[in-house]
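One-based numbering, in listed order, for ligands and for the atoms of each.
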Amino acid sequence: MTLPNAPTLAALKHAAAGMANRDTPFIFDEWYVAAFADDVSRTLLPRRLLGKRVVLYRSESGQVVALSDRCAHRAYPLSLGSLEGDTLVCGYHGFRFDTQGNCIEVPSASKCPKGIGVASYPVIEKGPLVWIWMGDPALADPAKLPEQEWLGAADWKHSQGGFQLQSNYVSMHENLLDLTHLSYLHAKTFGTPDYARAAFRSEVGDGYFALYRDVVPTTLPPVWAEPTGLVGCDTAARIVKSEFKSPAFHQVNVNFYDSQLPESQRQVSRIRTAHLLTPETQSSCHYFIVHGRDFALRDDAVTAFMHEQLFKAFQEDVDGMAALEQVWETTDADEMYEMSVAADGPSVAMRRYLKARAEPVASLVRVSA
Ligand code: FES
Ligand SMILES: [Fe+2]
């Protein structure tokens with residue numbers, strides 16, 4: 001039995017203390033995905049985002065509105081009320097709110113009290129996504145939205161889906177920036193044995209973390225081999241770039257081609273996946289996924305095949321992260337530790353960044369201690 005001795009355990013805990021985990025506060029001043037655009041309609045949509053209750057709906061002109069889902073009067077959920085034109089009427093005593101969250105009518109009073117209302121949140125609808133800013137509204141700059149032009153582009157074919165992840169969002173970000181798990185957690189779907197051993201390089205910037213892994217030559221699993229026409233090819237190239245773009249957005253780019261062919265003759269098939277994480281509570285997360293490809297654009301059978309196969313693989317992450325969350329949930333804090341290996345470098349850097357963003361003062365104190 002090789003358990004860490006006391007000095008090792010202390011060192012592991014010290015290292016872990018600088019990294020975000022399930023107990024780290026949320027980072028509010030960022031754009032997060034509140035919903036798929038298709039899911040926001042004239043029906044009130046309640047959603048918990050970064051621990052806060054929010055209700056979403058569209059105005060009559062189609063603009064997305066996001067308000068705090070609690071009435072200013074007795075805190076009844078506004079999502080149980082009703083829409084009248086662009087206004088939301090509380091289902092308890094009928095207080096009426098406009099799209100900015102201002103209370104504009106109190107049925108039992110001849111005059112509506114001034115200065116009463118609920119929080120409204122800045123939103124941006126772009127392509128298939130509705131983004132929300134849960135932090136200081138004065139800082140909600142649309143320019144801070146991470147680049148995502150391909151999501152709405154006509155030369156990419158998209159499919160989308162999502163999960164309610166029973167895990168904190170930090171674990172899922174780490175999962176996405178860690179490609180060594182593919183050969184194991186995804187052994188039955190898109191992992192191959194050579195994947196975990198392939199050399200990788202990383203890029204660590206200010207709030208940007210990327211991992212590159214070129215698996216060449218390789219034999220692709222069916223999920224990639226079939227749509228790219230590389231079935232039976234043992235000289236395939238699988239060129240992967242996994243990027244943490246913001247606390248809300250992680251993107252995976254993969255290029256496939258036959259490495260035997262001269263560069264001029266290669267047909268490169270590209271796929272991209274946007275993994276969009278919005279914390280719900282400290283131990284659960286909205287996990288929105290948009291997948292795209294730049295080949296076989298009009299082939300619905302390819303869309304259906306890839307969607308089914310990919311979401312089967314993503315379910316493995318969802319189940320895996322829920323299992324991991326349970327260990328943290330049910331193990332005494334003084335028995336919990338994590339140890340990192342070289343391949344964890346980018347994700348450790350990313351978790352330190354999240355910690356510093358969430359708790360800047362605590363991080364500074366720790367660094368100077
Ligand atoms: S709780 Fe909403 S009107 Fe009373
Ligand atoms: Fe995974």
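- A cation-pi arrangement is absent between Arg238 and Phe256, since the terminal nitrogen or guanidinium carbon is not both under 6.0 Å from the aromatic centre and inside a 45° cone about the axis.
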Evaluate Asp136 against Phe28 for side chain to side chain contact (heavy atoms under 4.5 Å, CB included), listing each step before the verdict.
CA-CA 8 Å; Asp136 180 352; Phe28 282 88; over 6 Å; no

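- Apart from Phe97 itself, the hydrophobic cluster it occupies contains Leu44, Val55, Tyr57, Val65, Leu67, Leu78, Leu83, Leu88, Phe95, Val106, Val118, where clustering links Ile, Leu, Val, Met, Phe, Trp and Tyr at side-chain heavy-atom distances under 4.5 Å.
- Between Lys52 and Glu280 there is no side-chain heavy-atom pair separated by less than 4.5 Å.
- Here the Fe ion (ligand 2) has protein N, O or S atoms under 2.8 Å from it, and they come to 4.
- Of all heavy-atom pairs spanning Ala154 and Leu297, the tightest one is O-CD1, 4.4 Å.
- Around atom 4 (Fe) of ligand 1, the protein atoms of type N, O or S found under 2.8 Å away are His73 ND1, His93 ND1, listed by chain and number.
- Taking the side chain as every heavy atom from C-beta outward, Lys188 and Glu316 approach each other to under 4.5 Å.
- Through direct or indirect side-chain contacts shorter than 4.5 Å among Ile, Leu, Val, Met, Phe, Trp and Tyr, Phe249 is connected to Trp31, Val33, Phe36, Ile124, Leu129, Trp131, Trp133, Leu139, Leu145, Trp150, Leu151, Trp156, Leu276, Phe288, Val290.
- Ring orientation note: the planes of Phe311 and His307 are close to parallel, at an angle under 30° on the 30°/60° scale.
- Using cut-offs of 30° and 60° on the angle between ring planes, the pair Tyr353 and Phe244 is perpendicular.
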